[in-house]
Amino acid sequence: MATPPSIPGEPTQTGTALTDTAASTIQSFAPINKIHQHLCAFHFYGHDMTRQVEAHHFCSHQNEDVRQCLIYDSPESNARLIGVEYLITENLFLTLPDAEKPLWHSHEYEVKSGMLFLPGVPGPVQRQDLDKVCKTYGKTFHFWQIDRGDELPLGLPQLMMAFTRDGQLNTTLAQDVEKRFSVSFEEERMNRAYMTGPEHGIHPLANGGGKGLKTELRDTDYKPVDSVPRIFV
Amino acid sequence: MASSDETPGVMPGQGPTVGKPMTVGSQMLDKGAQMLQSIKPVKQMKQHVCTFAMYSHDMNRQIETHHYVTRLNQDFLQCAVYDSDDSTARLIGVEYIISDRIFENLPPDEQKLWHSHAYEIKSGLWVNPRVPEMLQKTELRNLAKTYGKFWCTWQVDRGDVLPLGAPALMMSPQEVNLGMVKPELLHKRDSKYKLSSDDLKKSRVDIEEPEMINAVADYWKHSGKGFAVDIEQTEMKRNAPFP
């Protein structure tokens, strides 16, 4: 992740960049002004645990029970927006229809193992929030498969999953992140031993219900528009 | 298991979203993190765009969208899409925008997932609220020739209180019947921002249309078909036990 990503295209022209900055001082950026937290974690593809991605989440609270995050491939200015994640508390997760629950993953292991962390935030402060995250469930889609070298967001959205036990996360990937952010997962694991996961335990339907999940594309036919005749070019 | 075009099962919940208001403790943690962390990628969002989109599997379902746009280079933009521009806004998806130059190099199977922007911009549907038109002219000229790919992860218009199901592919307004934005939806938006799409359309007459719009984009126009995404069970390739 040391080299900047290569996206096809010319560098931004000065005229365009100036307009961008001028516009941003007048408009309402309320939704993104709420994004206050940077959280680093790892995801893998719902059908392939061997494909693992470092994921930088930029999160805001919808309310006490719901968070929404933009996922980037790095915390830098030229970072690529690769996906989204929603986090919900256990009580909300339990209200989901059973067909929906498998699309959500638990966070208990990620938090307790130390592999999920808030870069730049001292341990004791991080842990106050992570104690809550530990009990939540997340739903993540990635739209840009950078791990296979895609220079553009090609193909279908990918349902992503989170790690649930030791031995799953690739050690080279883990060590690389630990080094770059000067953290030790092992040390954090010891500091987080007191944390507990969802009150009712990890739901058996979560985490794909233990199965692999993948997305497929299907054609659909149009529903007729009542008052107006269908016209196709 | 879950599809972008199926109505999900019944969920209890009242109001637009579920969940309790943030506690004071959470707010303080939030503020604390905010002071210590840099949120660089988010600071790169320099534009707010308000426009409209339709679900590719049901063009009758139309939504007003709020895009927060980052330009990564002259040919590529990435947008976080919300359902409003206020602090209660829900993150409903992501849109990527590429120049026609880049688009032409994509294989047809990929191109069919993308939509064109020329009509949306020229007709005054696509606006930068509160920004004087002349400030945006250069950018609009550039964007009129682009293509977008928009995945919607939260179908708020059908009343979902949480993001349910598979992501839905969205399409852009077009001049043809099923692509026309419903007048009441447009009127509501225009009133809110005190603008007139009609006036904008007149002032954008000088924006160059692309010479040709790729026939594979806006797939529904020629094929009469939309796309849905299904999530299916499959064998997970793994390097360790799961879960």
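Given the structure is predicted, the values throughout are model-derived calculations rather than measurements. Letters A, B, ... are given to chains in the order of the sequence lines, protein chains preceding strands, and every chain is numbered from 1.
- Looking at A/I88, the atoms closer than 4.5 Å to chain B (heavy atoms on both sides) all sit in the side chain, from C-beta outward.
- No part of A/C59 comes within reach of chain B, as not one of its non-hydrogen atoms sits under 4.5 angstrom from that chain.
- Ranked by heavy-atom pairs under 4.5 Å with chain A, the first of B/S99, B/S84, B/S56 is B/S56.
- With salt bridges taken as basic N to acidic carboxylate O contacts below 4.0 Å, one links A/K101 and A/D98.
- Residue A/E85 does not touch chain B at all, counting heavy-atom pairs closer than 4.5 Å.
- With a 4.5 angstrom heavy-atom cutoff, A/K214 touches chain B via backbone and side-chain atoms both.
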**OP:** Check step by step if side-chain contact (heavy atoms from CB on, under 4.5 Å) holds for B/V18 and A/D65.
**Re:** CA-CA 8 Å; B/V18 289; A/D65 298 274; over 6 Å; no
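- Heavy atoms closer than 4.5 Å to chain A are found in the side chain of B/Y68, but not in its backbone.
- No other option in B/H66, B/K149, B/K43, B/Q27 has as many heavy-atom pairs under 4.5 Å with chain A as B/K149.
- Judged purely by distance below 3.5 Å, without hydrogens or angles, the side chains of B/Y193 and B/D85 pair a donor atom with an acceptor atom.
- Aromatic rings of B/Y96 and B/W114 (six-membered ring for Trp) have centroids beyond the 6.0 Å cut-off, not under it.
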Subject >> Steps toward side-chain contact (heavy atoms from CB on, under 4.5 Å) verdict (A/L96, A/W104) >> reply: CA-CA 10 Å; A/L96 296 173; A/W104 296 73; 3.5 Å; yes
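- Comparing B/T234, B/V229, B/V94, B/N239 by heavy-atom pairs within less than 4.5 Å of chain A, the highest count is held by B/T234.
- Chosen from A/P31, A/S106, A/A30, the residue pairing most often with chain B at heavy-atom distances under 4.5 Å is A/P31.
- The choice from A/A99, A/G210, A/P102, A/G208 that makes the most heavy-atom pairs within less than 4.5 Å of chain B is A/G210.
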Compile the donor-acceptor pairs under 3.5 Å between side chains in residues 153-169 of chain A and protein atoms, sequence neighbours left out, one pair per line.
unit_1: A/Q158; atom_1: NE2; unit_2: A/L156; atom_2: O; d: 3.1
unit_1: A/T164; atom_1: OG1; unit_2: A/Q168; atom_2: NE2; d: 3.1
unit_1: A/T164; atom_1: OG1; unit_2: B/P243; atom_2: O; d: 3.3
unit_1: A/R165; atom_1: NE; unit_2: B/P243; atom_2: O; d: 3.2
unit_1: A/R165; atom_1: NH2; unit_2: B/P243; atom_2: O; d: 3.3
unit_1: A/D166; atom_1: OD1; unit_2: A/Y109; atom_2: OH; d: 2.6
unit_1: A/D166; atom_1: OD1; unit_2: A/R189; atom_2: NH2; d: 2.9
unit_1: A/Q168; atom_1: OE1; unit_2: A/T164; atom_2: N; d: 2.8
unit_1: A/Q168; atom_1: OE1; unit_2: A/R165; atom_2: N; d: 3.3
unit_1: A/Q168; atom_1: NE2; unit_2: B/P241; atom_2: O; d: 2.8

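- Closest approach of A/K34 to A/S60, counting heavy atoms only: O-CB, 3.3 Å.
- Only the side chain of B/I102 comes within less than 4.5 Å of a heavy atom in chain A; its backbone stays farther off.
- Between chain B and the residues A/Y86, A/Y45, A/Y72, A/F44, the most heavy-atom pairs under 4.5 angstrom are made by A/Y86.
- Only the backbone of A/I82 comes within contact range of chain B, with heavy atoms under 4.5 Å apart.
- The minimum heavy-atom distance between B/A2 and A/L103, with the atom names listed, is CB-CD1, 3.8 Å.
- Annotation: maximal heavy-atom pairing with chain A below 4.5 Å, among B/L169, B/N105, B/V69, B/D75, occurs at B/D75.
- For A/K211, there are no salt bridge (Lys or Arg N to Asp or Glu O under 4.0 Å) partners, not counting sequence neighbours.
- If you check the side chains of B/Q78 and B/T70, you find no donor sitting under 3.5 Å from an acceptor.
- By number of non-hydrogen pairs under 4.5 angstrom with chain A, the leading residue of B/P107, B/P41, B/A228 is B/P41.
- Both the backbone and the side chain of B/F227 come within less than 4.5 Å of a heavy atom of chain A.
- Salt-bridge annotation for A/R218 and B/D230: present, with a side-chain N of the basic residue lying under 4.0 Å from a carboxylate O of the acidic one.
- In this structure, the portion of B/L113 lying under 4.5 Å from any heavy atom of chain A is its side chain and not its backbone.
- A salt bridge between A/K135 and A/E90 is absent, with no side-chain N of the basic residue lying under 4.0 Å from a carboxylate O of the acidic one.
- Taking A/I202, A/I35, A/N91 one by one and counting their heavy-atom pairs under 4.5 Å with chain B, the maximum is reached by A/I35.
- Summarising the local packing, NZ of B/K237 is surrounded by 12 or fewer heavy atoms from other residues, nucleotides or ligands at distances under 6.0 Å.
- Between chain A and the options B/R101, B/Q44, B/H48, B/E235, the largest number of non-hydrogen pairs under 4.5 Å is found for B/H48.
- Between chain B and the residues A/M49, A/Q128, A/E64, the largest count of heavy-atom pairs under 4.5 Å involves A/E64.
- Both the backbone and the side chain of B/E232 come within contact range of chain A, with heavy atoms under 4.5 Å apart.
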